[in-house]
Amino acid sequence: MLDRVKNALRSCSNNVHHYTGGGASAPYIVWAEDSRNDHYSENHHGEKAWMGTIDLFSKDEDDPLRDEIEDALDKAGISWYLNSVQYEDDTKLIHTEWVFEVS
């Protein structure tokens with residue numbers, strides 16, 4: 001399941017990291033799973049759905065990667081929503097965050 005997220009993001013950029021950017025140069029993408037939203041049926045997990053975040057760190061407020069990421073997630077059939085866009089004073093980067101769910 002999570003390979004779908006990784007592969008969708010790698011279709012946008014080679015600068016994709018899991019959990020941490022590790023000193024990557026902007027623009028870069030970091031993604032991480034952080035919970036599951038499972039559906040239960042008769043005391044067992046009937047369907048599993050991973051939830052997590054995708055973060056784009058960029059110097060460009062109009063970075064085309066924003067649209068590319070959203071298009072790639074749509075094409076891969078991954079549910080998502082834009083959670084926040086913020087400027088980070090410590091890194092001087094614009095941080096765009098999406099929340100995804102994939103089953």
Side-chain angles (χ1 to χ4, degrees):
M1 276 182 258
L2 291 171
D3 280 346
R4 289 176 45 211
V5 176
K6 177 177 66 177
N7 293 336
L9 296 173
R10 286 194 175 162
S11 75
C12 303
S13 172
N14 291 327
N15 206 358
V16 175
H17 308 275
H18 195 211
Y19 295 117
T20 179
S25 298
Y28 64 95
I29 300 167
V30 178
W31 70 280
E33 67 279 15
D34 56 30
S35 63
R36 285 211 335 223
N37 185 17
D38 295 357
H39 299 277
Y40 300 95
S41 175
E42 297 181 16
N43 295 324
H44 73 279
H45 295 262
E47 184 176 342
K48 298 175 183 175
W50 282 100
M51 297 178 70
T53 56
I54 297 164
D55 302 278
L56 170 63
F57 297 91
S58 177
K59 295 178 182 179
D60 181 2
E61 68 181 284
D62 296 317
D63 195 317
L65 275 174
R66 281 185 177 179
D67 290 334
E68 291 174 28
I69 289 168
E70 292 177 359
D71 290 344
L73 295 172
D74 286 343
K75 287 178 187 171
I78 298 168
S79 297
W80 61 271
Y81 66 87
L82 180 63
N83 193 50
S84 70
V85 179
Q86 52 204 321
Y87 181 75
E88 296 191 353
D89 287 325
D90 58 334
T91 62
K92 309 293 187 227
L93 296 175
I94 298 164
H95 176 189
T96 304
E97 179 189 59
W98 296 265
V99 173
F100 72 85
E101 183 171 341
V102 63
S103 57

In terms of hydrophobic clusters joined by side-chain contacts under 4.5 Å, are Val30 and Val5 together? no

Answer yes if the side chains of Trp50 and Asp34 hold a donor-acceptor pair under 3.5 Å, and no otherwise. no

Measure the CZ-NE2 distance between Phe57 and His17 for me, rounded to the nearest 0.5 Å. 10.5 Å

Excluding sequence neighbours, so at least two apart, what forms side chain to side chain contact (heavy atoms under 4.5 Å, CB included) with Ala32? Tyr19

Going from CH2 on Trp98 to CD1 on Ile69, what distance comes out if it is rounded to the nearest 0.5 angstrom? 4.0 Å

Please round to the nearest 0.5 Å and tell me the distance separating atom OH of Tyr81 and atom CD of Glu97. 8.0 Å

Residue pair Ala8 / Ala72: nearest heavy atoms and the distance that separates them: O-CB, 3.4 Å

Please answer whether the main-chain N or O of Pro27 pairs with a side-chain N or O of Asn15 as donor and acceptor at a distance below 3.5 Å. yes

Are Leu9 and Trp80 linked, directly or through other ILVMFWY residues, by side chains that come within less than 4.5 angstrom of each other? yes

Would you please name every residue forming a side chain to side chain contact (heavy atoms under 4.5 Å, CB included) with Asp67, sequence neighbours left out? Glu70

Can you find a heavy atom in the side chain of Asp55 that is under 4.5 Å from one in the side chain of Tyr28? no

Roughly how far apart are Leu65 CG and Cys12 SG, rounded to 0.5 Å? 6.5 Å

Counting only heavy atoms not in Lys92, do more than 12 fall under 6.0 Å of its NZ? yes

Does one hydrophobic cluster hold both Leu93 and Ile54, with members joined at side-chain heavy-atom distances below 4.5 Å? no

Pairing residues for Gln86 by the side chain to side chain donor-acceptor pair (under 3.5 Å) criterion, not counting sequence neighbours: Ser84

Can you list every pair that meets salt bridge (charged side-chain N to carboxylate O under 4.0 Å, His left out) and has a residue in residues 3-26, with sequence neighbours left out? Asp3-Lys6

With a 4.5 Å limit on heavy-atom distance, are the side chains of Trp31 and His18 in contact? yes

Kindly write out the residues that satisfy side chain to side chain contact (heavy atoms under 4.5 Å, CB included) with Val85, not counting sequence neighbours, or none if the list is empty. Arg66, Leu82, Ile94, Thr96

Can you hop from Leu2 to Ile29 via hydrophobic side chains spaced under 4.5 Å? yes

Apply side chain to side chain contact (heavy atoms under 4.5 Å, CB included) to Asp90 and list each qualifying residue two or more places apart in sequence or on a separate chain. Glu88

If you measure from CE on Met1 to CZ on Arg36, what distance do you get to the nearest 0.5 Å? 6.5 Å

d(Glu68 CD, Leu56 CG) to nearest 0.5 Å is 10.0 Å

